Amino acid sequence: QKEVEQNSGPLSVPEGAIASLNCTYSDRGSQSFFWYRQYSGKSPELIMFIYSNGDKEDGRFTAQLNKASQYVSLLIRDSQPSDSATYLCAVNHDMRFGAGTRLTVKP
Amino acid sequence: DAGVIQSPRHEVTEMGQEVTLRCKPISGHNSLFWYRQTMMRGLELLIYFNNNVPIDDSGMPEDRFSAKMPNASFSTLKIQPSEPRDSAVYFCASKEWNTEAFFGQGTRLTVV
(Lines give C-alpha, C1' and ligand atoms only; values in the text may rest on other atoms or scores of the structure.)
Protein backbone atom coordinates (compact mmCIF):
# COMPACT_ATOMS: atom_id res chain seq x y z
CA GLN A 1 0.00 0.00 0.00
CA LYS A 2 1.42 3.35 -1.03
CA GLU A 3 1.57 5.60 2.00
CA VAL A 4 1.71 9.32 2.58
CA GLU A 5 2.57 10.40 6.11
CA GLN A 6 2.13 13.75 7.79
CA ASN A 7 2.46 14.89 11.37
CA SER A 8 -1.15 15.55 12.34
CA GLY A 9 -0.12 18.32 14.73
CA PRO A 10 -1.56 20.54 15.86
CA LEU A 11 1.18 22.98 14.94
CA SER A 12 1.00 26.41 16.50
CA VAL A 13 3.15 29.37 15.45
CA PRO A 14 2.99 33.08 16.28
CA GLU A 15 1.96 35.58 13.65
CA GLY A 16 4.88 36.55 11.43
CA ALA A 17 6.82 33.34 12.06
CA ILE A 18 7.71 30.63 9.55
CA ALA A 19 5.49 27.54 9.61
CA SER A 20 7.11 24.32 8.41
CA LEU A 21 4.96 21.39 7.31
CA ASN A 22 6.38 18.03 6.33
CA CYS A 23 5.23 15.03 4.34
CA THR A 24 6.93 11.70 3.61
CA TYR A 25 5.91 9.10 1.05
CA SER A 26 6.66 5.44 0.52
CA ASP A 27 6.57 5.08 -3.28
CA ARG A 28 10.07 5.88 -4.50
CA GLY A 29 8.79 6.25 -8.05
CA SER A 30 6.49 9.14 -7.16
CA GLN A 31 6.62 12.01 -9.63
CA SER A 32 4.14 14.68 -8.62
CA PHE A 33 3.39 16.27 -5.28
CA PHE A 34 0.64 18.61 -4.19
CA TRP A 35 -0.07 20.76 -1.16
CA TYR A 36 -3.69 21.59 -0.36
CA ARG A 37 -5.22 23.80 2.30
CA GLN A 38 -8.58 23.04 3.89
CA TYR A 39 -10.46 25.46 6.06
CA SER A 40 -12.93 24.01 8.54
CA GLY A 41 -16.14 23.04 6.79
CA LYS A 42 -14.72 23.71 3.33
CA SER A 43 -13.25 21.71 0.49
CA PRO A 44 -9.50 21.24 0.01
CA GLU A 45 -7.97 23.79 -2.35
CA LEU A 46 -4.59 23.66 -4.07
CA ILE A 47 -1.75 25.82 -2.76
CA MET A 48 1.16 24.47 -4.79
CA PHE A 49 2.44 21.53 -6.78
CA ILE A 50 6.03 20.47 -7.34
CA TYR A 51 7.56 17.91 -9.67
CA SER A 52 11.33 18.50 -9.52
CA ASN A 53 13.85 18.24 -6.72
CA GLY A 54 14.60 21.51 -4.99
CA ASP A 55 12.55 24.53 -4.02
CA LYS A 56 9.55 26.17 -5.65
CA GLU A 57 8.39 29.53 -4.39
CA ASP A 58 5.02 31.23 -4.78
CA GLY A 59 4.56 34.35 -2.70
CA ARG A 60 4.83 33.46 0.97
CA PHE A 61 4.80 29.73 0.20
CA THR A 62 7.78 27.53 -0.65
CA ALA A 63 7.55 23.84 -1.49
CA GLN A 64 10.70 21.76 -1.07
CA LEU A 65 11.13 18.32 -2.63
CA ASN A 66 13.81 15.77 -1.86
CA LYS A 67 13.19 12.59 -3.81
CA ALA A 68 16.24 10.81 -2.41
CA SER A 69 14.90 11.18 1.11
CA GLN A 70 11.28 10.84 -0.04
CA TYR A 71 9.92 13.93 1.59
CA VAL A 72 8.22 17.12 0.53
CA SER A 73 7.74 20.12 2.75
CA LEU A 74 5.81 23.38 2.72
CA LEU A 75 7.14 26.55 4.30
CA ILE A 76 4.85 29.46 5.01
CA ARG A 77 6.71 32.71 5.64
CA ASP A 78 5.23 35.63 7.58
CA SER A 79 2.41 33.42 8.83
CA GLN A 80 -0.96 35.12 9.21
CA PRO A 81 -3.99 34.13 11.31
CA SER A 82 -5.78 33.54 7.99
CA ASP A 83 -3.31 30.71 7.31
CA SER A 84 -4.88 28.73 10.16
CA ALA A 85 -6.20 25.59 8.45
CA THR A 86 -5.41 21.95 7.82
CA TYR A 87 -2.69 21.37 5.24
CA LEU A 88 -2.85 18.20 3.18
CA CYS A 89 -0.12 16.58 1.12
CA ALA A 90 -1.00 14.45 -1.93
CA VAL A 91 1.25 12.33 -4.09
CA ASN A 92 1.01 11.28 -7.71
CA HIS A 93 -1.82 11.00 -10.16
CA ASP A 94 -3.87 8.81 -7.83
CA MET A 95 -4.03 11.72 -5.35
CA ARG A 96 -3.56 9.82 -2.11
CA PHE A 97 -3.54 12.24 0.80
CA GLY A 98 -1.79 12.25 4.11
CA ALA A 99 -3.77 12.74 7.31
CA GLY A 100 -3.13 16.49 7.19
CA THR A 101 -1.48 18.87 9.64
CA ARG A 102 -3.63 21.34 11.53
CA LEU A 103 -1.90 24.73 11.70
CA THR A 104 -2.88 27.53 14.06
CA VAL A 105 -1.31 30.98 13.69
CA LYS A 106 -1.75 33.00 16.86
CA PRO A 107 -2.03 36.82 16.66
CA ASP B 1 -16.72 26.32 -15.77
CA ALA B 2 -18.90 25.76 -12.69
CA GLY B 3 -16.37 23.43 -11.10
CA VAL B 4 -17.07 19.99 -9.70
CA ILE B 5 -20.71 19.74 -8.73
CA GLN B 6 -21.91 17.38 -6.03
CA SER B 7 -25.42 16.63 -4.91
CA PRO B 8 -27.01 16.62 -2.48
CA ARG B 9 -25.04 18.95 -0.18
CA HIS B 10 -26.60 17.36 2.88
CA GLU B 11 -28.26 14.02 3.34
CA VAL B 12 -29.88 12.61 6.46
CA THR B 13 -31.12 9.06 6.23
CA GLU B 14 -32.12 6.20 8.44
CA MET B 15 -29.95 3.18 8.99
CA GLY B 16 -30.63 0.52 6.39
CA GLN B 17 -31.68 2.92 3.67
CA GLU B 18 -29.95 3.25 0.32
CA VAL B 19 -27.99 6.46 -0.25
CA THR B 20 -26.82 7.74 -3.62
CA LEU B 21 -24.33 10.57 -3.94
CA ARG B 22 -23.81 12.28 -7.27
CA CYS B 23 -20.92 14.07 -8.93
CA LYS B 24 -20.47 16.02 -12.14
CA PRO B 25 -16.76 16.52 -12.92
CA ILE B 26 -15.24 19.48 -14.70
CA SER B 27 -15.66 19.15 -18.45
CA GLY B 28 -12.55 17.75 -20.10
CA HIS B 29 -11.15 16.15 -16.97
CA ASN B 30 -10.44 12.46 -17.44
CA SER B 31 -9.93 11.35 -13.84
CA LEU B 32 -12.49 11.31 -11.06
CA PHE B 33 -11.97 10.56 -7.39
CA TRP B 34 -14.29 9.78 -4.48
CA TYR B 35 -13.11 10.52 -0.94
CA ARG B 36 -14.55 10.15 2.53
CA GLN B 37 -13.48 12.50 5.31
CA THR B 38 -13.92 12.00 9.04
CA MET B 39 -12.13 13.44 12.04
CA MET B 40 -10.77 10.03 12.96
CA ARG B 41 -9.56 8.83 9.56
CA GLY B 42 -8.89 12.03 7.63
CA LEU B 43 -9.37 12.19 3.85
CA GLU B 44 -9.57 8.62 2.56
CA LEU B 45 -9.46 7.77 -1.13
CA LEU B 46 -12.32 5.37 -1.83
CA ILE B 47 -12.05 4.86 -5.58
CA TYR B 48 -10.83 6.60 -8.68
CA PHE B 49 -11.64 6.40 -12.38
CA ASN B 50 -9.57 7.15 -15.46
CA ASN B 51 -11.57 7.70 -18.64
CA ASN B 52 -14.68 6.33 -16.89
CA VAL B 53 -12.92 3.07 -15.94
CA PRO B 54 -12.41 2.20 -12.24
CA ILE B 55 -8.67 1.96 -11.63
CA ASP B 56 -8.35 1.42 -7.91
CA ASP B 57 -11.22 0.61 -5.58
CA SER B 58 -9.08 -0.76 -2.75
CA GLY B 59 -10.29 2.05 -0.51
CA MET B 60 -13.94 1.07 -0.74
CA PRO B 61 -14.64 -0.09 2.81
CA GLU B 62 -17.17 -2.84 2.17
CA ASP B 63 -19.43 -4.42 -0.39
CA ARG B 64 -22.11 -2.03 0.78
CA PHE B 65 -20.27 0.68 -1.17
CA SER B 66 -20.34 0.85 -4.95
CA ALA B 67 -19.39 3.49 -7.49
CA LYS B 68 -20.16 3.94 -11.15
CA MET B 69 -19.16 6.31 -13.89
CA PRO B 70 -21.46 5.67 -16.86
CA ASN B 71 -20.06 8.58 -18.87
CA ALA B 72 -17.48 11.34 -18.68
CA SER B 73 -19.85 13.81 -17.06
CA PHE B 74 -21.43 11.83 -14.25
CA SER B 75 -20.55 9.52 -11.37
CA THR B 76 -22.42 8.03 -8.43
CA LEU B 77 -21.39 6.59 -5.09
CA LYS B 78 -24.00 4.31 -3.56
CA ILE B 79 -24.23 2.91 -0.05
CA GLN B 80 -26.69 0.09 0.49
CA PRO B 81 -27.61 -0.51 3.26
CA SER B 82 -26.32 2.57 5.09
CA GLU B 83 -25.04 2.40 8.66
CA PRO B 84 -24.39 5.12 11.26
CA ARG B 85 -20.62 4.64 10.88
CA ASP B 86 -20.93 5.78 7.26
CA SER B 87 -21.67 9.29 8.52
CA ALA B 88 -18.98 11.54 7.03
CA VAL B 89 -18.34 14.17 4.40
CA TYR B 90 -17.93 12.64 0.95
CA PHE B 91 -15.92 14.57 -1.62
CA CYS B 92 -15.69 14.14 -5.34
CA ALA B 93 -12.70 15.55 -7.25
CA SER B 94 -11.64 15.61 -10.89
CA LYS B 95 -8.43 16.31 -12.76
CA GLU B 96 -6.56 16.00 -15.99
CA TRP B 97 -3.55 13.70 -16.14
CA ASN B 98 -0.68 14.88 -13.91
CA THR B 99 -2.33 18.13 -12.87
CA GLU B 100 -3.98 19.11 -9.64
CA ALA B 101 -7.37 17.83 -8.60
CA PHE B 102 -10.33 20.15 -8.09
CA PHE B 103 -12.80 19.31 -5.36
CA GLY B 104 -16.54 19.62 -5.18
CA GLN B 105 -18.26 21.17 -2.17
CA GLY B 106 -18.84 17.78 -0.60
CA THR B 107 -21.90 15.91 0.65
CA ARG B 108 -22.40 15.74 4.39
CA LEU B 109 -24.03 12.38 5.11
CA THR B 110 -25.68 11.61 8.43
CA VAL B 111 -27.06 8.14 9.03
CA VAL B 112 -29.29 7.91 12.09
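Residue numbers begin at 1 in each chain, while the letters A, B, ... track the order of the sequences. All figures in this text were calculated on a predicted structure; none of them were measured in a lab.
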TODO: Would you check if the distance from the ring center of A/Tyr25 to the ring center of A/Phe33 is below 6.0 Å?
DONE: yes
TODO: Hey, can you tell me if B/Phe91 and B/Phe103 have their rings parallel, tilted or perpendicular (30° and 60° cut-offs)?
DONE: perpendicular
TODO: Measure B/Leu43 against the heavy atoms of chain A and call it side chain, backbone, both or neither at under 4.5 Å.
DONE: both
TODO: Evaluate whether atom NZ of B/Lys68 has more than 12 neighbouring non-hydrogen atoms of other residues, nucleotides or ligands under 6.0 angstrom away.
DONE: no
Open item on the list: Before we go on, tell me: are the rings of A/Tyr36 and A/Phe97 under 6.0 Å apart, centre to centre?
Closed with: yes
Task: chain B contact via A/Gln31 - side chain, backbone, both or neither, heavy atoms under 4.5 Å - done: neither
Open item on the list: With a 4.5 angstrom heavy-atom cut-off, is it the side chain or the backbone of B/Met39 that approaches chain A, or both, or neither?
Closed with: side chain
Task: Any donor-acceptor pair under 3.5 Å from A/Gln64 side chain to A/Tyr71 backbone - done: no
- [ ] For chain A, find which of B/Ser31, B/Ala101, B/Gly42 contributes the most heavy-atom pairs closer than 4.5 angstrom.
- [x] B/Ala101
Task: Atom group of B/Gln37 that falls short of 4.5 Å from chain A, counting heavy atoms - done: side chain
